[in-house]
Amino acid sequence: MDNQMIIRLDKKADFLAMDNMKKHKAIALFSGGLDSILTVKWMQKCGYAVHPVFFRAPYFKAERALQSADKNGIELEVVDISPEHIQLLSSSAYGFGRRLNPCIDCHGLMFRKAGELLAARDADYLISGEVLGQRPKSQRRDALDSVRRLSGLKDLIVRPLSQLLLPETKPVREGWIDRTHLLAINGRGRSVQHRLAQELGVMDYPSPAGGCLLTDRNYCLRLQDLIDNQELTLENLELLGNGRHFRLAKDLKLIVGRDEQDNLALENEFQNGIRLQARDYMGPLGLLVGRRPEPAELKLALQIFMSFHTKVPARAAVQMQNFIHGLPQETPWETESGKASQDVVKTYHISYN
Ligand code: SF4
């Protein structure tokens, strides 16, 4: 699609807030990325009612999407699909992308969950910002078709940015959407999207990378460690995106915050285990999660934890406190600890770095 075509459609869109077009409402799958912003803004500009939804799981949290929606004047509903999505990590029908990202099953699940919301949101069909050919595996023509089949709602899905190149579905057939409002963007280039962004006044959008941790190399190493140790629980996954992680034993891990933001995120998600904090020094938060440590394991954990306290000369007191279901238990207790060597730290660190 060239620039002229966008302009032509844009002019048409200016006078198309017609009554019959407002009778049907779309639920939009919103990721916070440029294509999903353009899809929502374009359809709204053409006069259609759109209800954008972000589906969250522990490895794609809502903050980025909420910020992106806010900056672009989009009202967003957030729906948690963690339990269903975690299942995909062990039973993905279409397999994984470059890392542990089951993109085809993930999109199928999101459409299915969006479909379950149709009646409650008084909506009739589903839209998304997928662009034909944009991603080598998950946005090929056959992959888009697999997503439609997985969703169980294949006749109700419209991809406005590429729909002119895809099979027609009910919302177009029945005239809920005017065909001239649909676009034919195709391929990996981004220039058409950037021009459309300019025309729609979309100035602020996040970079394409960074939305889903299932495509992050180090995160996936930590995730694989959870899978290998049969610890794939929601509680463990909520802690996995922040901090440095150390595997001390099969069912025992140490997590150490990297910075203040990490500490805050870990503190918010921490439910069960032992919380570690240097008594007299500012520094990272430590969490021991899993079973109760043996004395030698606790000693090792404290030494690794203290090695991230640059201001501690050699030894210092560490305060510990048990937490159950996010609540502190008995009075904190403390002990002195030295630091582990860098070799020991590396041995237990779950990281490629
Ligand atoms: S990158 Fe992540 S959020 Fe996006 S489709 Fe793949 S698994 Fe789902």
Side-chain angles (χ1 to χ4, degrees), residues 27-40 52-69 76-117 126-154 157 159 161-162 166 188 190 193 205-224 226-227 232 234 237-238 240-242:
I27 288 186
L29 269 58
F30 186 85
S31 68
L34 177 59
D35 292 343
S36 65
I37 299 170
L38 293 180
T39 301
V40 171
V53 176
F54 177 81
F55 291 103
R56 99 169 274 285
Y59 22 76
F60 37 86
K61 296 195 174 176
E63 287 73 11
R64 184 174 176 267
L66 283 166
Q67 267 180 12
S68 165
L76 187 62
E77 177 180 5
V78 176
V79 175
D80 194 316
I81 55 166
S82 299
E84 294 96 330
H85 207 286
I86 293 169
Q87 302 258 320
L88 295 184
L89 298 177
S90 42
S91 64
S92 157
Y94 286 87
F96 297 90
R98 200 156 155 234
R99 309 228 181 270
L100 290 173
N101 44 319
C103 294
I104 295 177
D105 296 79
C106 171
H107 276 166
L109 173 65
M110 287 180 183
F111 274 119
R112 184 160 59 76
K113 299 303 286 182
E116 288 170 14
L117 293 175
L126 309 172
I127 60 173
S128 82
E130 289 156 299
V131 168
L132 182 64
Q134 180 130 126
R135 304 247 161 91
K137 188 164 159 118
S138 64
Q139 294 186 7
R140 288 188 323 237
R141 189 177 293 276
D142 58 332
L144 294 186
D145 207 42
S146 304
V147 168
R148 290 199 312 142
R149 265 184 277 116
L150 279 173
S151 72
L153 294 156
K154 63 184 199 172
I157 295 176
R159 277 98 173 201
L161 300 185
S162 287
L166 296 168
R188 306 192 69 175
R190 307 287 289 159
Q193 282 95 319
Y205 46 88
S207 66
C212 172
L213 288 168
L214 295 178
T215 60
D216 180 275
R217 184 170 171 251
N218 264 311
Y219 181 87
C220 287
L221 187 68
R222 302 197 293 271
L223 178 55
Q224 190 61 54
L226 282 188
I227 295 169
L232 202 56
L234 184 55
L237 281 166
E238 294 288 11
L240 205 63
N242 295 93

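Values in this document were obtained by computation on a predicted structure and should not be read as measured data. The residues of the chain are indexed from 1 along the displayed sequence. Counting starts at 1 for both ligands and their atoms, following the listed order.
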Could you check R112, K113, R56 and say which one makes a salt bridge (Lys or Arg N to Asp or Glu O under 4.0 Å) with E84?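 Passing option: K113.
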Kindly state whether the ring of H85 and the ring of F60 have centres lying under 6.0 angstrom apart.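 For H85 and F60, the ring centres are under 6.0 Å apart.
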What atoms in ligand 1 come closer than 4.0 Å to a heavy atom of F60?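 So the answer, numbered in order with elements, is 3 (S).
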H107 neighbourhood, listing ligand 1 atoms whose heavy-atom distance to it stays under 4.0 Å: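 Counting from 1, the qualifying ligand atoms are 5 (S).
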For atom 2 (Fe) of ligand 1, what's the nearest protein heavy atom and its distance?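 The closest heavy atom on the protein side is C212 SG, 2.4 Å.
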Please report which non-hydrogen protein atom sits nearest to atom 8 (Fe) of ligand 1, along with the residue it belongs to and the distance in Å to one decimal place.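 Nearest protein contact, heavy atoms only, for atom 8 (Fe) of ligand 1 is C106 SG, 2.3 Å.
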Regarding R141 and D145, does a basic nitrogen lie under 4.0 Å from an acidic carboxylate oxygen?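 Here R141 does not pair with D145 in a salt bridge, since their nearest N and O are not under 4.0 Å apart.
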Would you say CZ of R149 has more than 12 non-hydrogen atoms from neighbouring residues, nucleotides or ligands within 6.0 angstrom?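 Yes, enclosed.
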Count the heavy atoms of every other residue, nucleotide or ligand shown that sit under 6.0 Å from CZ of R135, and state whether that count exceeds 12.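 At most 12 heavy atoms, drawn from other residues, nucleotides or ligands, come within 6.0 Å of this atom.
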Pick whichever of P102, C103, G33 has a heavy atom sitting closest to atom 6 (Fe) of ligand 1.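 The option holding the nearest heavy atom is C103.
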